[in-house]
Each structure stands twice: as structure tokens, then as C-alpha cells.
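Order of the sequence lines fixes the chain letters, A, B, ..., with proteins taken first and strands second; residue numbering starts at 1 for each chain.
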Amino acid sequence: MYEALFTKHEHKKVLPELECAEHGVVMRFAPNPSGPLHIGHARAAVLNDAYVKQYGGRYILRIEDTDPKRVDPEAYEMVKEDIAWLGLGITETVTQSDRLALYYDLCGQLIEKGGAYVCTCDNEHFKELKQSKTACPCRDQPVEKNRELWKKMLDHTFKEGEATVRIKTDLHHPDPAMRDFPAFRILDSPPHPKVKAHVYPLMNFSVVADDHLLGVTHVIRGKDHIANTRRQRYIYDHFGWKVPVYRHYGRMGIEGVVLSTSKMRLGINEGIYTGWDDIRLGTLRALARRGISPDAVKNAVLAIGIGDTDISFSWDNLFAENKKIVDPLANRYFFVPDPIIVTITGAPHRTAHAMLHPGDAARGTRTLVFKESVALPNGDITHDTAMVRLKDLFNLKISCDGNTPSFSYAGDSLAEARSAKAHIIQWLPAQDLVRCTLLTPEGEITGACEPLVTKELGKVVQFERVGFARIDAVDMDGVRAYFTHK
RNA sequence: GCUGCUAUAGUGUAGUCCGGCCAAUCAUGCGGGCCUUUCACGCCCGCGACUGGGGUUCGAAUCCCCAUAGCAGCACCA
């Protein structure tokens, strides 16, 4: 019944159909554990998740940690936390560093098939050859030679930079990016946090191996992977494997936020940001801390869809989604920013009962006991305000003797306040207020709030006339709340 | 430079494949009104777009060409 009041009858936008999906799909979300997930990851994660739910099937979380230079040991845990927060329907998890033997084995097979070779050329030199569409000397080595060199890679006879496995493609391919791209490299340092290894597959190889081995049928990823998709096709063809269905969506930016993990890390190290959940960052944990609900993120990302146009994601749209979710849930309280304490003359002692939620009387009220002094938002008391109404209490007349305003009781009539066009403002009993800091991306607003707010730790409330906020901390200093949105 | 992808209102999005029903959808935003003891929610009204130029056609947002702009790739990153 109460739910119905808030149920909006919107047409849910449905994602476009995927081909060959009638009998279910196997999809994956494959982050690199270099930091926590951000909005950009959420797009891939949520889109894939939505399709798995739409068609039924398996949803694999694959941790792509084959570059020890880009692995943050803490990220394994952070990624899982973020996925749990988003509420994705992951059915299984694999970690690529556990699977190196698999990749080595497949590489051996590919070498036997003549689909790959071990290249010992200098990197710069190879680059030049590639640009001029000429084969490097290693390309035509017999299989036996490649087999032998591959063994030397594995037994660490070769050191970092001395040899690399390349996939045979088409040296005359018009796109230089396609020509004999690398599949394995040697790295002596840094050590991998999870396995002892020095030969690492490059993304295009391990991705194909796993997509095939895990039975992935559909891949939805950013269009920065279009070239990789084309490269990967060569590997599929060498093995004679079936290629999954691909979809590439466009680049996404979000107004005023860095989404690059490395830049965020830099900012944190330099002390510009307080941590991964600094509310100025686009990480999921930052959004969570601000009071954005995971469903809002999901809905916003789903609304964007899988278009291949580059887009600039707008906070407005995210906030609107979040408000739909949070408005029916959030209890209402008074927060008085920049308070001034005033004494009201001629007023009877009263107790105000304000509703915790205007749409749900069953939730009850909070009580505010008025004695004679109240805290008011300084910004609402200007020289030309003659009257205001203290919400759920009474009217207040303001008269000015020069520069010193005085406040007096002006009756209980709501109708009078209306006809006087008095603003209905929030207030707090002076004897009963809790210090409260509201943190916004632009800075801090200090003020005071109702004592009951301390019971809302971790929840999103609405400070009437101010906006939604998530209660982040409650301690001796009072309440710290993060501003969510209006 | 080479290769490729994209281009609908401030933002996001539908329509584009299979030209006409599109003087272009929906959401968000903005403006106005109503409701209301919040500048929240809800309701109503309004604003606002097919990148430009050619071509094909009786007819083009939709097909073709050119231009422009944006983006991506050309790594022993993912």
C-alpha cells in the first residue's frame, strides 16, 4: 500500500537483444586488480550482469592479474567488496595467476601448430620491421627452434626483454596494430604477489584462452578493446575455436571526476584525496559513502545502455535515479547550517512533533521541545525577513532595531504564515542540539542537527530544505554527514 | 602518419539494420503552475535536437559520398 505511493510507472528501458543468446549466455566481468572498482567498471559489470539475468546463464568474475606491475594486493579484496555492494549475480570466480600453467600449455600447442613463434628481436627493431610490413628473422624459424626457445623462456634462460612469443597474423594487415602482436613476455621484477613466475601471458592471449576454456559466449566491453577483439580473432582462428559474440560500448567520462586508477592512486599518495572513498572520486566506495545506492548506479548505467558513442555521464542522472530510491526511505530531520541562537519573547513552551517521513505517518514522529531559545539557519534571517514559520511549531516575527534583530512569538496560524508568505524553516531547540558537519565535494558546512540523527549511522537521511545526506560518523564531536544531493 | 569506430535537445536515450505511421521517444535538466507545515515527493503545462554539404528517391534522422568533430588502437598494460 505504502509502496504503491512511491511506485512510478515508468517504461523500463530494455537492453537490445543479443544474437545467439536464446539458449542462455556465459559472460564475464574481468577487472584488473589495480584498485577498487569505479563507475566505469560498474558499466561493464552491470551490463554483463543484466544480460546474464535476461537470458539466464553463468556470470564469471575473472581477475586479470597477469601484469605484476599493475597488481595491488589489496585490490583483490576491494574488487570483491565492490561487486558484493553492487549485488552482481556472479556464479564463479577465477584468477588468472592461478592459471598460468594452462596458458603455457596452450602456448606450446600454438607453437606446434605454427601459429606463434618466439621472437628474440630487439623491441625497437621489431617495431620498425612491423611498420614496414617485413617479417623479423624469428618469424620463419622451424617449429623445433621455437619449441626450444619457448623452453628457454620457461626455464628462465632468457631474461626480461630477451624473448617474447608472438602470434602470427598478417604482416600486410593495413592496421599496424594487428601485425604479429605479442602473447607472452618475460618479467624478472617485480615479483607477482600471488605466484612465482617470470613468463606472463599478455592480455590478448590469456583472455582468449580463458574465454574459450570457460565457455564464454558473449563479451561486452569498452570500444578501447575493438582492436583487441580483432587481434584475438587470430588466436581463435589458429586454434579453430568458436569466437564469442562481441559488443563494444563507447567511452564514458563523468563530469569533474578522474576515473583513472593510477591517477587516483597518485592523488591519494600525494594527500590530495583522503583515500579510495574520498567523495571527490568516482569509485564505487566513494559513491557509497556519499549515500548513492547500488541500485541507482545500476539503473543509471542500464539507462545509458551499450551505445558505442562516447558519452559524458552526468551526475544529474545518477542523482535522479538515487533520489527515486532514497526519497521514500530517508527519514527527515532538521539540520541547521551556520546556526544563530535566538531567544524568542512571548512564546509559550511547546513540544513539536515532526513526522519522520511526510509520506508515511506510521513511521512516527520526532519530538522537539521548545523552551525559549532556538537555533536558526543564519542564511534564512535577513534584514527584510519580517516573519518566518518554524516548521511544526509556530510563527516568528522578526523586527529590527538598527542592526539587532529581535524575535517574538507571532501565533500558531499556518494560514497567517502562508498569507504573509513566510518561509517555513527548520529550527532546533537551543538546549538540545548536536553538532553536525555536512561534507560536500565543495567543502564543509558546519551546523547542528537533531539528537535522533545519531541513531541513523550509515543511513541516508533527508535534512529538510537542505538535501539528502549519509550519516558517516557519530562521535563525541557530533555527527559527520556526507551530502548526497538535493 | 597509419587503422578503425561514432555523430539525435544542456545531459543520457529511443528511432537508423527493413526510407514514408518522426513537424522525432522517454528520462533528466531548466521555466511556469498545482499540491504541501521541507527549496523533498507527487501532479500539470512549457522549453529544447536529427554535425555540415552534396547525392539517390515521389519521399531521408534513416541509404550513398565528401567534409568536420570526437574517440580508440598502432605497448614485452588491461
Side-chain angles (χ1 to χ4, degrees), chain A residues 5-6 8 10-14 16 30-34 64-67 69-71 96 119 123 126-127 130-131 160-166 173-179 181-187 199-204 206-207 221-231 248 250-253 255 261-262 299-305 307-321 323-324 326-328 330 332-334 352 354-355 357-359 380 389-395 412 414-415 417-418 422-426 462-468 485-486:
Chain A
L5 287 174
F6 292 99
K8 282 216 225 161
E10 268 177 45
H11 282 282
K12 272 267 161 61
K13 211 202 115 193
V14 189
N32 168 252
S34 57
E64 303 204 330
D65 58 347
T66 52
D67 179 6
K69 289 177 183 168
R70 296 198 5 164
V71 170
Q96 289 193 316
C119 173
N123 192 22
F126 184 86
K127 225 179 251 180
K130 177 171 71 179
Q131 288 302 335
E160 183 166 333
E162 291 178 356
T164 146
V165 176
R166 294 189 176 280
H173 196 288
D175 185 350
M178 293 303 124
R179 300 172 197 157
F181 62 86
F184 282 84
R185 63 169 168 174
I186 297 170
L187 234 43
V199 176
Y200 294 95
L202 275 320
M203 177 257 200
N204 281 309
S206 49
V207 161
R221 48 180 3 182
K223 74 178 187 184
D224 43 321
H225 285 294
I226 288 177
N228 289 322
T229 297
R230 276 196 273 268
R231 282 192 274 234
H248 301 98
R251 265 180 70 85
M252 183 176 89
E255 303 161 327
T261 303
S262 54
N299 292 343
V301 161
L302 250 19
I304 285 166
D308 37 19
T309 318
D310 300 330
I311 59 160
S312 156
F313 185 62
S314 162
W315 288 106
D316 280 344
N317 295 312
L318 214 211
F319 291 163
E321 291 296 343
K323 203 188 272 183
K324 285 176 199 160
V326 123
D327 185 80
R332 313 287 137 126
Y333 294 99
F334 289 157
M355 288 208 282
H357 196 288
D380 281 303
R389 180 175 177 84
L390 305 188
K391 187 164 182 280
D392 301 303
L393 194 66
F394 50 59
N395 303 337
D412 296 335
L414 181 60
R418 284 252 163 79
H423 288 155
I424 299 171
I425 66 170
Q426 76 277 33
Q462 189 203 44
F463 288 140
E464 298 195 44
R465 305 209 315 138
V466 175
F468 294 90
H485 47 66
K486 278 293 282 184

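- Taking the P atom of each, B:rG31 and B:rA40 are spaced 11 Å apart, rounded to whole Å.
- As the counterpart of B:rA61, no nucleotide is assigned, since no Watson-Crick or G-U wobble pattern has both distances under 3.5 Å.
- Across all strands shown, A:N228 has heavy atoms under 4.0 Å from base atoms, whether or not it also approaches the sugar-phosphate.
- Rounding to the nearest 0.5 Å places NZ of A:K486 at 8.0 Å from NZ of A:K323.
- Counting any heavy atom pair closer than 4.0 Å across all strands shown, A:F468 reaches sugar-phosphate atoms only and no base atom.
- B:rC17 is unpaired under the criterion used here, namely a Watson-Crick or G-U wobble arrangement in which both key atom distances are under 3.5 Å.
- Closest to the A:D175 side chain, of the nucleotides B:rA78, B:rG73, B:rA40, is B:rG73.
- A:K69 comes within 4.0 angstrom of nothing in the nucleic acid, heavy atoms only.
- Residue A:R389 is classed as a base contact, given a heavy-atom separation below 4.0 Å to a base.
- Backbone-only engagement by A:R231 is indicated by non-hydrogen atom pairs under 4.0 Å involving sugar-phosphate atoms exclusively.
- Nucleotide B:rC71 holds its C1' atom 14 Å from the NE2 atom of A:H248, rounded to whole Å.
- With a cut-off of 3.5 Å on both Watson-Crick or G-U wobble distances, the partner of B:rU11 is given as B:rA27.
- When the C1' atom of B:rA78 is taken as reference, atom CZ of A:F181 falls 14 Å away, rounded to whole Å.
- In this structure, CD on A:Q96 lies 9.5 Å from CG on A:N32, to the nearest 0.5 angstrom.
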The test is salt bridge (charged side-chain N to carboxylate O under 4.0 Å, His left out); show your working for A:R70 and A:D65 and say whether it passes. CA-CA 8 Å; A:R70 296 198 5 164; A:D65 58 347; over 6 Å; no

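- Here A:L414 contributes atom CG and A:R389 contributes atom CZ; the two are 4.5 Å apart, rounded to the nearest 0.5 Å.
- Listed for the A:H423 side chain is no donor-acceptor partner under 3.5 Å among the backbone atoms of A:L390.
- With distances taken from any side-chain atom of A:Q462 to the nucleotides B:rU38, B:rU8, B:rA72, the minimum falls on B:rU38.
- Which of B:rC76, B:rA40, B:rG12 sits closest to the side chain of A:N123 comes down to B:rC76.
- A:R332 comes within 4.0 angstrom of a nucleotide base, judged by non-hydrogen atoms across all strands.
- B:rC22 is unpaired under the criterion used here, namely a Watson-Crick or G-U wobble arrangement in which both key atom distances are under 3.5 Å.
- Searching all strands for a Watson-Crick or G-U wobble partner of B:rU37 with both distances below 3.5 Å returns nothing.
- Looking at which nucleotide of RNA chain B each of A:K130 and A:V207 is closest to, the 5′-most match is held by A:K130.
- Of the P atoms belonging to B:rA78 and B:rG73, the separation is 14 Å, rounded to the nearest Å.
- The listed nucleotides are B:rG73, B:rG12, B:rG4; the one nearest the side chain of A:R230 is B:rG4.
- Nearest to the side-chain atoms of A:I226 among the listed nucleotides B:rG4, B:rA40, B:rA78 stands B:rG4.
- Contacts of A:P33 with the nucleic acid, taken as non-hydrogen atoms under 4.0 Å apart, are absent.
- At B:rA78, none of the side-chain N or O atoms of A:R70 fall inside 4.0 Å of OP1 or OP2 (strictly under the cut-off).
- Regarding contacts with the backbone of B:rC41, a side-chain N or O of A:K323 is found under 4.0 angstrom from either OP1 or OP2.
- One interatomic measurement links the two molecules: CG of A:D308 to P of B:rU8, which rounds to 11 Å at whole-angstrom precision.
- Rounded to an integer number of Å, the gap from A:E160 CD to B:rC76 P is 13 Å.
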In sequence, state the C-alpha distance, the side-chain angles, and the governing distance for A:T164 and A:F126, and then conclude on side-chain contact (heavy atoms from CB on, under 4.5 Å). CA-CA 11 Å; A:T164 146; A:F126 184 86; over 6 Å; no

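- One atom, CE of A:M178, and another, P of B:rU3, lie 13 Å apart when rounded to the nearest Å.
- A close approach under 4.0 Å does not occur between any side-chain nitrogen or oxygen of A:S314 and OP1 or OP2 of B:rG29.
- The gap from the P atom of B:rA61 to that of B:rU8 amounts to 15 Å, rounded to the nearest Å.
- Close to B:rC74, at under 4.0 Å from its OP1 or OP2, lies no side-chain N or O of A:R179.
- A:F126 places its CZ atom 10 Å from the P atom of B:rA75, with the value rounded to the nearest Å.
- A:S34 comes within contact range of no nucleotide atom at all, as no heavy-atom separation falls under 4.0 Å.
- Using the Watson-Crick or G-U wobble rule with both distances under 3.5 Å, B:rG73 pairs with B:rC2.
- Looking at heavy-atom distances under 4.0 Å, A:G250 makes no contact with the nucleic acid at all.
- Closest-nucleotide positions on RNA chain B for A:D65 and A:H423 were compared, and the one nearer the 5' end corresponds to A:H423.
- For the pair A:D327 CG and B:rC39 P, the computed distance is 13 Å after rounding to whole Å.
- Residues A:I425 and A:K391 form no side-chain contact, since every pair of their non-hydrogen atoms from C-beta on lies 4.5 Å or further apart.
- Checking B:rA78, B:rU13, B:rC71 against every side-chain atom of A:I311, the shortest atom distance belongs to B:rU13.
- Here A:D392 lies in heavy-atom contact (under 4.0 Å) with a base.
- Nucleic acid contact for A:L202: sugar-phosphate only, since backbone atoms but no base atoms lie under 4.0 Å from a heavy atom of the residue.
- Set against B:rU11, B:rA7, B:rC2, the side chain of A:P176 has B:rC2 as its closest nucleotide.
- Both the sub-6.0 Å distance and the 45° axial angle are not jointly satisfied by A:R166 relative to the ring of A:F184.
- No engagement by A:D412 is indicated, since no non-hydrogen atom pair under 4.0 Å with the nucleic acid exists.
- The side chain of A:P182 sits closest to B:rA75 out of B:rA75, B:rA78, B:rG73.
- Shown are A:T229, A:D308, A:D224, A:N228; of these, the side-chain hydrogen bond (donor to acceptor under 3.5 Å, both in side chains) with A:H248 is made only by A:T229.
- Nucleic acid contact for A:H225: base, since at least one base atom lies under 4.0 Å from a heavy atom of the residue.
- Taking atom C1' in both B:rG54 and B:rU28, one finds a spacing of 37 Å when rounded to whole Å.
- In this structure, A:P31 reaches neither bases nor backbone, as no heavy-atom distance under 4.0 Å exists between it and the strands shown.
- Between the A:E255 side chain and the A:W315 main chain, a donor and an acceptor come within less than 3.5 Å of each other.
- Partner assigned to B:rC50 is none, using Watson-Crick or G-U wobble distances below 3.5 angstrom.
- Distance NZ (A:K223) to P (B:rA72): 8 Å, rounded to an integer number of Å.
- The C1' atoms of B:rA7 and B:rG15 are separated by 15 Å, rounded to the nearest whole Å.
- Counting only heavy atoms from C-beta on, A:I424 has its side chain closest to B:rU38 among B:rU11, B:rA78, B:rU38.
- Candidate nucleotides B:rA78, B:rU28, B:rC39 were compared by shortest atom distance to the side chain of A:E64, and B:rA78 ranks first.
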